[in-house]
Each structure stands twice: as structure tokens, then as C-alpha cells.
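Data block below; observations after.
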Amino acid sequence: MRIGVLALQGDFAEHGAVLHRIGVVPIEVRLAAHLDGLLGLIIPGGESTTIGKLAVDFGLIDPLRAFAHQHAVWGTCAGAILLSRDARRAQPLLELMDITIRRNAFGRQVDSFEVLLQAPALSGVDDGREGPFPAIFIRAPLIERVGAGVEVVARLQDGTIVAARQGRWLATSFHPELTGDDRFHRYFLRLCTQGA
Ligand code: GLN
């Protein structure tokens, strides 16, 4: 099984390491041709403006949209911003998920934090773990609005939406690739293999 990780900027290597650990071959995607034969794609955290501009420069915007209409795609943090239809400012986006995102919603880099998140959607993802998911937020966005076809996957205790799914598209504000907990990657794998 081969899953792509968009490797223009950000922590694509960390996603690759987790995929490897759960028995998936990670493929770094920098060109449209690299999407061939992949079961799904992860867009990593980093800086969404930089990733977006590079995607434009590399002619990737339309190929990524076309891929997403046939496959599962997961955006973490900056990747979630790229998946959104609206980031409340002008920057290149894939405009796929019917969500509005607010960038840097929790403050600056020094305001990064970790919380234990309740995510019932993860129950049944078998890696021998149970209970809340340790979620790391680094200059993270929040999901301000979800459209009618979007399922909320996780919220902070105050109700803030930090993970959402629309069909086979998944957006998380936080960074599951930076914890030892593979459950979100396994959950995404299920989206990749369950068919359109
Ligand atoms: N602050 C970044 C942005 O707005 C996202 C940060 C991250 O991916 N950790 O693009």
C-alpha cells in the first residue's frame, strides 16, 4: 500500500515515519506524476502560504484537486488550511472541504500546547490504545464553521472544532505525526481503503 505525503515544505518526513511504522510505503509527492498509483495523500503541517505558493509554482493545484476527487486526503494543521474552502484571507487553497478556518487562532509559536482530546471516531482503530488522543497544537488553526456535509471528529473542551471529515477528506488542526500514537494515521488508512 502506497500513500503520498506532499513534500513541498513542513513536516512531511515525520508523517512518512509514522506511515512506515504502520506498514505503509510513504511516497514523497513533489510533482503531479508522483500521485500516480497512490491510495491517498497527506498534506503536512508547515506554513500554508509557503506550501500553497509552491503548489502553484509546481503546477500542482489542479492535479491535487483532481486526485482528491478520487481519493482520501488528510491535511494536518497547515494542510488543513490548504484543504479548506475559506481561510479568511487571500492565499492559494485547494478549496475542497466546506469548512472555514481561522489561522493562528491560538496565538504565536510560544503558545503551542498539548491536550488530551476525545475523538470517538478513533474507537475501533486497532493499535492497542484506548482513551483520549494526545494532540499537539503548534500555531494551529481552528475550524470556525463546518458545512452541512461535514462531520465534526474532535472538539476541545470549550467546543472549538479541531478535526473534521467530509467524505474521505480529513482535516486536523493538530499534529498526530509528532506523537507516538498512530490512531489518526490508522483512521486515515481506513478512509484510503474504503473506496469512494
Ligand atoms: N501557522 C501555520 C499556517 O497558518 C500552520 C502551523 C502548522 O502547520 N503547525 O500555515
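Computed from a prediction, not measured in an experiment: that's the story for all the values here. Numbering of ligands and ligand atoms starts at 1, following listing order.
Taking the salt bridge (charged side-chain N to carboxylate O under 4.0 Å, His left out) definition, one finds that Arg2 meets it with nothing, sequence neighbours left out. The salt bridge (charged side-chain N to carboxylate O under 4.0 Å, His left out) test applied to Glu28 returns Arg30, not counting sequence neighbours.
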List below, pair by pair, the N or O atoms of ligand 1 and of the protein that are less than 3.5 Å apart, including the distance to 0.1 Å; reply 'none' if no pair qualifies.
residue: ligand 1; atom: 1 (N); partner: Asn104; partner atom: OD1; Å: 2.7
residue: ligand 1; atom: 1 (N); partner: Arg139; partner atom: O; Å: 3.0
residue: ligand 1; atom: 4 (O); partner: Arg103; partner atom: NE; Å: 2.7
residue: ligand 1; atom: 4 (O); partner: Arg103; partner atom: NH2; Å: 3.0
residue: ligand 1; atom: 8 (O); partner: Gly46; partner atom: N; Å: 2.9
residue: ligand 1; atom: 8 (O); partner: Gly46; partner atom: O; Å: 3.1
residue: ligand 1; atom: 8 (O); partner: Ala78; partner atom: N; Å: 3.0
residue: ligand 1; atom: 9 (N); partner: Ile138; partner atom: O; Å: 2.9
residue: ligand 1; atom: 9 (N); partner: His175; partner atom: NE2; Å: 2.8
residue: ligand 1; atom: 10 (O); partner: Ser48; partner atom: N; Å: 2.7
residue: ligand 1; atom: 10 (O); partner: Ser48; partner atom: OG; Å: 2.8

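Among pairs with a residue in residues 52-81, those fulfilling salt bridge (charged side-chain N to carboxylate O under 4.0 Å, His left out) read Asp62-Arg65, at least two apart in sequence or across chains.
No option in Arg103, Arg85, Arg102 other than Arg102 meets the salt bridge (Lys or Arg N to Asp or Glu O under 4.0 Å) test with Glu144.
Residues Asp111 and Arg139 are not paired through a salt bridge, judged by the lack of any N-O separation under 4.0 Å between the basic side chain and the carboxylate.
Taking the six-membered ring for Trp, His69 and Trp169 have ring centres closer than 6.0 Å.
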